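So the structure is just underneath, and the comments pick up after that.
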Amino acid sequence: MISVIIPTYKSTDALDLCLRSAIKGQQSKNQIIVVVDGFYDINKEVLEKWAEHIDVLNMEENVGTCRGTNLGVFNAQYDKILIVNDDNVFPKFWDTTLEDDWEEGAVIAPNQIEPYPSIFKQFIIEDLGRDPKTFDLEKFWLFDPHYTLGDKKEECGSTFPIFMNKYDFLKIGGFAEDYPSPSGFVADWEFFMKCSLNGMKMVRTWNTHFYHFVSLSAKTSEQIEISKQYEINCHEYAKYKWGSYIYSHPETNLKFIL
């Protein structure tokens, strides 16, 4: 059995599709924790719709992605945890496929399908839909690149979603909550780097694929500039904290400092 942690903010249509795919696509009755990072009333209708199948962790205020995710993991009932963003869509039979790929001491990243070209060379680029409201879940479930790629696992993970042992997550302290951004810029890179430094294998599996919408909210030029500044500040904070910027290898996705 798996404990799934899904942090969410204001993306109600994406969350609804994410939960529908997770619940209807599973073989077993896994624990699904929705961490509501503020704005509960906005998400209330979706949460009540799936209430029978989920556990809700209401933060009551916006505490940020890192803290929300950490608290979600603390509430996980099972040793195997899966952290998924709310703009992801679960593939069919996701739980049994991931269980088959399980490795102790590994952080497993199921590969992703995205509608736009990606910086991650391992992702499958296929436009199966850009709007959660009109997304055809059954069509996505029929689109299976596994049959063309075959059984494949390589040490080039370090991207979301992540499937790992709860103890390993806690051992490295989860996601650092001290970065100066509510979105967790660079904190995810630090997390993956700490996993590698603690001897964990960063594995990617092509045996199952999650769909990812990439960006659902239309941002103003001012919001984009604020977001860029957040990211710059977080990189500078990482340099202050670690004595070096954190880098990402363009081929293996491994995170490291020089």
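A quick note: this is a predicted structure, and the numbers were derived from the prediction, not measured.
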Does [X] pair with [Y] as a salt bridge, N-O distance under 4.0 Å?
| X | Y | answer |
| --- | --- | --- |
| D178 | K241 | yes |
| K44 | D41 | no |
| E190 | K255 | no |
| E99 | K80 | yes |
| E177 | R67 | yes |

Might you point out which heavy atoms bring [X] and [Y] nearest each other, and give the distance in Å?
| X | Y | result |
| --- | --- | --- |
| N88 | P161 | OD1-CG, 3.9 Å |
| T159 | F120 | CG2-CE2, 3.4 Å |
| C195 | V107 | SG-CG2, 3.9 Å |
| D37 | E61 | OD1-O, 3.5 Å |
| I5 | P7 | O-CD, 3.6 Å |
| V46 | L19 | CG1-CD1, 4.1 Å |

Would you call the rings of W189 and H235 parallel, tilted or perpendicular, taking 30° and 60° as the class edges? perpendicular
Same cluster (ILVMFWY, side-chain, under 4.5 Å), [X] and [Y]:
| X | Y | answer |
| --- | --- | --- |
| M193 | Y245 | no |
| W141 | F210 | no |
| I119 | F123 | yes |
| M1 | L98 | no |
| V89 | I2 | no |

Looking only at the aromatic ring of each residue, does the gap between the centers of F185 and Y179 stay below 6.0 angstrom? no
Taking the six-membered ring for Trp, are Y211 and F90 closer than 6.0 Å centroid to centroid? no
Check: [Y] and [X] side chains under 4.5 Å, non-hydrogen atoms:
| X | Y | result |
| --- | --- | --- |
| I32 | I6 | yes |
| R130 | Y116 | yes |
| V84 | F160 | no |
| N165 | E104 | yes |
| N207 | D100 | no |
| V214 | P115 | yes |
| V36 | V56 | yes |
| N253 | R204 | yes |

Side chain of [X], backbone of [Y]: donor and acceptor closer than 3.5 Å?
| X | Y | answer |
| --- | --- | --- |
| N75 | L71 | yes |
| S227 | Q223 | no |
| N58 | E60 | yes |
| Q31 | Q77 | yes |
| N43 | Y9 | yes |
| S21 | C18 | yes |
| N70 | F175 | yes |
| T96 | F93 | yes |
| Q122 | E251 | yes |
| D16 | T12 | no |

Interatomic spacing from [atom1] in [X] to [atom2] in [Y] - rounded to 0.5 Å:
| X | Y | atom1 | atom2 | value |
| --- | --- | --- | --- | --- |
| W242 | F256 | CH2 | CZ | 14.0 Å |
| K49 | H53 | NZ | NE2 | 10.5 Å |
| I172 | N198 | CD1 | CG | 6.5 Å |
| Q27 | D95 | CD | CG | 6.0 Å |
| F140 | D136 | CZ | CG | 11.0 Å |
| I113 | I125 | CD1 | CD1 | 9.5 Å |

Would W50 and I23 count as a side chain to side chain contact (heavy atoms under 4.5 Å, CB included) here? Give the steps. CA-CA 9 Å; W50 302 107; I23 293 161; 3.5 Å; yes
Output, in order, the C-alpha distance, side-chain angles, deciding distance and verdict of side chain to side chain contact (heavy atoms under 4.5 Å, CB included) for N111 and I124. CA-CA 8 Å; N111 204 36; I124 305 297; 3.9 Å; yes
Using the ring-ring contact (aromatic ring centres under 6.0 Å, His included) rule, pick out the option among Y78, F169, W102 that qualifies with F163. W102
With salt bridge (charged side-chain N to carboxylate O under 4.0 Å, His left out) as the test, would you mind laying out the steps for E225 and K228 before giving the verdict? CA-CA 5 Å; E225 287 305 312; K228 286 180 180 178; 3.8 Å; yes
Start with the C-alpha gap between D168 and M200, add the side-chain angles, then the distance that decides, and say whether side chain to side chain contact (heavy atoms under 4.5 Å, CB included) holds. CA-CA 9 Å; D168 287 340; M200 300 177 204; 3.6 Å; yes
Test side chain to side chain contact (heavy atoms under 4.5 Å, CB included) applied to F192 and I162, I246, L197, the passing residue: I162
Could you check M164 against I108 for side chain to side chain contact (heavy atoms under 4.5 Å, CB included), going step by step and ending with a plain yes or no? CA-CA 6 Å; M164 65 185 298; I108 299 171; over 6 Å; no
Check whether W206 forms a cation-pi arrangement with K153 (NZ or CZ under 6.0 Å from the six-membered ring centre, at most 45° off the ring normal). no
